[in-house]
Amino acid sequence: MKQVHVIQHTHWDFEWYFTRNEALIQFVYHMDEVFQALQAQTVDYYLLDGQMSILDDYLDAYPEKRQELTKWVLNGRLFIGPWYTQTDELIITGESIIRNLDLGMTMAAELGGTQSIGYLPDSFGQGADMPKIYNGMGIKDAVFWRGLSADKTKNREFVWDSEDGSQVTALNIKDGYFVGVGLIDDDQPEHLMKTIVAGTSLTAIALPVGGDQRYVDHNLKARIAFYNQALKQTDQQLVESNYPALFKALNAHQDELDHVTGEFISPSVSKIHRSIYSSRYDQKYLNDKLERRLIYQLEPLMVMADQAGVPYKKSLLNKIWKLVVRNQAHDSAGGCNSDATNQIILERLREADQLSYSTVDYLTRKLAESQPGLQRNELTFFNTLPFPIEKTVTFNLSLKSPNFEIKSQGQAVPVDVLAVERQYDGQIQRDDSQYAAEDYYYKFKCQARLSLPALQWCRLDVKPVSTEVAPIAYTTAGQIENQQLKVTFTDGRLVLTDKQQQQTYSDFLWFEDGGDEGDTYDYSPAYQDQLLKLAFEDARVQCQIGQTGQAMRLIGHWQLPADLAERARQQATVTETYELELRLTADDPLQIHLVIDNQARDHRLRAVLNSKIKAQQSYADTSFGYLSRGVEDPHLHDWQQLGWKEEPTAIYPMLHYVNSHDQTSSWTVMAKGIKEYQLIGPNYQQIALTLFRSVGFLGRPDLIRRPGVASGNQFRYIPTPDSQLQQKLHFKFALLLGTTFNPADTMRAFQHYAISQPYYQNQQINLFTTTLKYFVMQPLPKPVSSQPLIALTTESLVFSSLTESRDASGWLLRVYNPSKQACTGEALFDLAQPAFVSETDLVGHLQHELGTVTQVSCETFRPGEIKTFKINKRE
């Protein structure tokens with residue numbers, strides 16, 4: 001007998017083409033219906049979409065409803081959690097996903113208990129690392145809809161494995177979370193039963209009854225009875241149920257299930273929106289910036305500050321993380337929203353940006369000003385990573401003297417002055433000719449090479465000197481270089497020379513602009529397109545050659561079609577100004593920064609990096625590892641005959657880097673906030689980064705890449721003029737060349753490149769270096785000096801995070817093995833002082849104790865394995 005588990009639920013996007021505020025109004029009335037239905041036993045069970053953010057808003061408006069909500073959760077009739085918001089899985093970091101689950105499960109536990117199921121019914125693709133994230137949070141079962149191809153398994157139920165041995169029992173609701181509405185509306189059960197039974201391999205079958213913002217179906221029991229009466233001569237019976245009960249039945253037969261690995265991003269049975277990774281670049285860049293600051297700067301800095309006597313502010317961090325993860329729900333992260341909603345997303349991102357930046361600002365100043373013997377103008381630089389770094393840093397100085405020198409422990413530090421401006425620090429007056437000369441100071445933009453120990457800070461003396469200090473002059477030489485690379489600008493083209501491998505790459509970087517007749521979900525080429533290769537024929541070149549680095553700046557303009565109509569007519573009347581900077585410092589990667597003033601519409605801009613590598617696979621990082629992907633989908637030419645929902649173009653997501661390599665060469669492109677790539681060109685030798693897409697509608701029908709109905713709202717056009725991104729845009733990425741690809745080395749190189757070092761100058765002439773500088777501040781009661789704390793000593797593993805444990809009794813240090821091979825955990829990290837260390841799950845629950853130690857080693861790290869270590873605080 002096949003038992004069909006009827007699961008009553010609602011899918012509640014807390015924002016989309018409507019705003020969070022608009023959805024909340026319906027939700028507060030919806031909850032009245034839910035409570036009434038549970039009280040009257042109109043329904044036995046109800047699932048509130050698996051996310052807590054909607055309840056957070058509800059309880060903020062109606063705190064008096066907390067008791068009733070908790071009652072139904074404790075009674076096992078209302079199911080909540082485990083998510084705070086239903087996350088995107090492909091362009092959101094693994095640490096953000098963990099924070100999302102931690103926030104959601106903690107809140108759900110306070111309200112009676114969480115549904116311990118990885119419930120993501122609408123995410124646009126499933127990330128390969130989700131089983132290990134789920135297992136690390138105590139979750140053994142998962143539900144999803146989109147992305148599973150029959151090439152992986154033809155069954156709806158399977159075991160989803162990660163390479164480290166983690167696994168979850170997965171249920172693919174491949175007909176959608178809304179399929180069960182047919183139970184309510186259709187009096188012919190045969191069709192619905194045929195649909196939901198197809199592909200099942202066990203006798204327990206899911207029938208989710210719900211939909212977007214759907215009300216409670218008060219006639220659910222009657223409809224189940226009607227169907228059972230109609231099906232009494234078959235082997236099918238419907239029962240009112242819930243997902244925990246369904247998985248109990250499925251797990252009883254787990255040994256009969258297929259085992260599947262990897263990510264699920266196939267559009268074979270549902271739209272997957274393979275190019276949503278480049279919608280609303282402005283939002284994606286801010287989200288990426290916040291993730292980097294929170295994970296790699298603020299959280300470790302709070303640990304350093306706590307060691308010095310500044311309390312760790314867990315509640316403040318949670319406030320910031322809540323703001324961030326609200327923007328990481330699948331629609332919010334994708335940017336496929338109304339302009340009104342995207343404006344709210346940007347406001348939340350800006351609020352989180354201000355809070356996180358100001359916290360870094362406060363802590364660096366507090367620690368710097370609490371040092372013994374602090375001198376005027378002294379600089380303090382912080383390394384918030386648990387390994388030593390040597391890099392070229394950029395910083396500002398405010399000095400009365402026009403000339404200065406910098407020393408570290410008595411030794412001169414080579415410094416380049418990139419720019420200087422004279423500024424006034426007296427009281428402003430209407431007539432600035434009355435300003436006194438002594439009220440002026442100099443603001444220097446500087447660059448220096450520093451070595452910083454792990455999780456420590458260093459002090460630099462800044463003294464006036466008589467020797468003249470002048471900014472580096474600009475030249476038109478057209479060439480920059482460091483020990484490994486040389487870049488030459490010749491005849492409007494950029495030439496790259498790898499001096500170590502003695503390889504020259506002519507025309508190695510250009511930009512490509514094409515029409516985009518898609519929408520906020522998907523790129524689609526224009527029906528009448530004009531594809532432009534944008535080089536630098538008209539560019540003015542400026543070079544700065546200093547002792548700490550060299551930079552080349554190209555300034556020019558490109559002519560682009562104003563819109564789709566001009567593309568069809570092969571016209572280009574819009575002038576887009578650009579400024580491209582390429583920077584080389586020591587043996588660091590080539591850093592690239594493009595600034596454009598976009599005034600065109602309906603187009604896609606890509607950076608194209610032209611290697612000599614004949615690629616068959618691309619390689620990009622994931623939450624806690626990396627994936628190799630084919631350069632062309634095997635069904636690229638027959639997808640329509642197969643009935644797929646969109647063209648499976650080999651456009652892929654990336655978190656931080658994409659790599660192409662062969663037996664002798666490796667090219668890695670690391671990026672800040674750029675989340676989409678494709679390998680293109682002859683023999684797939686070109687790495688194309690999608691910088692941004694400019695589109696004007698939330699959804700459009702009949703796209704070349706996605707024929708048929710519009711995504712999102714199928715019944716009306718929703719204009720999104722803000723999504724044209726007609727504004728000044730910045731794009732930052734870097735090129736790393738080598739002979740081999742090593743994922744641990746590559747991720748460390750990204751952290752080295754993308755994580756800046758906070759600093760503070762002890763001066764009082766410029767009170768506006770940061771927002772908080774204007775405020776007065778007391779130093780700590782006891783002076784503090786930089787002290788070692790934790791230092792990673794392995795190069796096989798990647799630092800993931802350093803936070804305080806939930807109970808505030810210790811620090812949680814997380815590392816992972818990104819490789820597809822096992823590696824040793826020997827000599828993993830050193831502690832400056834003996835401490836009691838234990839290995840835990842992702843949120844600090846004890847797994848086993850390692851004892852009181854100063855050096856931590858552990859057994860072999862399996863491929864892709866994550867380990868979290870709790871280091872108890874000293875009493």
Exercise. How would you list all residue pairs meeting side-chain hydrogen bond (donor to acceptor under 3.5 Å, both in side chains) that involve residues 108-117, not counting sequence neighbours?
Worked result: none
For this session: Please collect all side-chain hydrogen bond (donor to acceptor under 3.5 Å, both in side chains) contacts where either partner lies in residues 183-199, sequence neighbours excluded, each pair once.
Result: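 Of all non-adjacent pairs touching residues 183-199, those that pass side-chain hydrogen bond (donor to acceptor under 3.5 Å, both in side chains) are Asp187-Arg223.
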Enter the distance from [X]:[atom1] to [Y]:[atom2] here, rounded to the nearest 0.5 Å.
X      : Y      : atom1 : atom2 : answer
His330 : Ser332 : NE2   : OG    : 8.0 Å
His218 : Thr42  : NE2   : OG1   : 6.0 Å
Glu240 : Leu238 : CD    : CG    : 10.5 Å

Any pair counted as salt bridge (charged side-chain N to carboxylate O under 4.0 Å, His left out), so long as it reaches [range], sequence neighbours left out:
range            : value
residues 627-639 : Glu263-Arg629
residues 126-151 : Asp122-Arg146, Asp129-Lys132, Lys132-Glu163
residues 838-848 : Glu839-Lys867
residues 246-257 : none

Exercise. Taking the six-membered ring of Tyr523, is the NZ or CZ of Arg705 close enough (under 6.0 Å from the centre) and on axis enough (within 45°)?
Worked result: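 Ring-cation test returns no.
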Below 4.0 angstrom, N of the basic side chain to O of the carboxylate: do [X] and [Y] qualify?
X      : Y      : result
Arg700 : Asp522 : no
Arg806 : Asp102 : yes
Lys675 : Asp88  : no

Do the non-hydrogen side-chain atoms of [X] and [Y] ever get within less than 4.5 Å of each other?
X      : Y      : answer
Asp164 : Ile866 : no
Gln86  : His11  : yes
Tyr521 : Phe124 : yes
Gln213 : Phe18  : yes

Are more than 12 heavy atoms from other residues, nucleotides or ligands located less than 6.0 Å from atom [atom1] of [X]?
X      : atom1 : value
Gln640 : CD    : yes
Gln847 : CD    : yes
Gln641 : CD    : yes

Once ring pair (Phe, Tyr, Trp, His ring centres under 6.0 Å) is applied, do any residues pair with [X], and if so which ones, sequence neighbours excluded?
X      : answer
Phe158 : Phe264
Tyr119 : Tyr243
His9   : none
Tyr45  : none

Problem set entry | Evaluation steps, side chain to side chain contact (heavy atoms under 4.5 Å, CB included), between Thr203 and Met1 | CA-CA 7 Å; Thr203 55; Met1 174 67 72; over 6 Å; no
Exercise. How far apart are the C-alpha atoms of Trp83 and Val325, what are their side-chain angles, what is the distance that settles it, and do they pass the side chain to side chain contact (heavy atoms under 4.5 Å, CB included) test?
Worked result: CA-CA 10 Å; Trp83 296 98; Val325 301; over 6 Å; no
Using the side-chain contact (heavy atoms from CB on, under 4.5 Å) rule, pick out the option among [options] that qualifies with [X].
X     : options                        : value
Val4  : Ile196, Leu231, Val239         : Ile196
Tyr84 : Met52, Met105, Gln51           : Met52
Gln8  : Val216, Asn242, Leu183, Leu207 : Val216

Exercise. Asp212 pairs by side-chain hydrogen bond (donor to acceptor under 3.5 Å, both in side chains) with which of Tyr177, Trp16, Trp12?
Worked result: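 Passing option: Tyr177.
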Exercise. Under the side chain to side chain donor-acceptor pair (under 3.5 Å) test, which residues partner Lys271, sequence neighbours left out?
Worked result: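 Side chain to side chain donor-acceptor pair (under 3.5 Å) list for Lys271, sorted by chain: Ser711.
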Residues [X] and [Y]: side-chain donor-acceptor under 3.5 angstrom:
X      : Y      : result
Ser201 : Glu157 : yes
Thr868 : Arg814 : yes
Glu95  : Thr93  : no

For this session: Begin from the C-alpha positions of Leu812 and Ser801 and carry the test side chain to side chain contact (heavy atoms under 4.5 Å, CB included) through to its verdict.
Result: CA-CA 8 Å; Leu812 298 182; Ser801 65; over 6 Å; no
Exercise. Within the side chain of Thr153, is there an N or O that forms a donor-acceptor pair under 3.5 Å with the backbone of Asn155?
Worked result: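 Yes, Thr153 side chain to Asn155 backbone: donor-acceptor pair under 3.5 Å.
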Exercise. Checking Trp145 side chain against Leu120 main chain: does a donor-acceptor pair fall under 3.5 Å?
Worked result: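 No, because the side chain of Trp145 does not come within donor-acceptor range (under 3.5 Å) of the backbone of Leu120.
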When the side chains of residues 66-76 are checked against the rest of the protein, which donor-acceptor pairs come out under 3.5 Å, sequence neighbours left out?
{"residue": "Thr70", "atom": "OG1", "partner": "Arg66", "partner atom": "O", "Å": "2.9"}
{"residue": "Asn75", "atom": "ND2", "partner": "Lys71", "partner atom": "O", "Å": "3.3"}

For this session: In sequence, state the C-alpha distance, the side-chain angles, and the governing distance for His273 and Glu646, and then conclude on side chain to side chain contact (heavy atoms under 4.5 Å, CB included).
Result: CA-CA 8 Å; His273 308 308; Glu646 65 190 54; 4.1 Å; yes
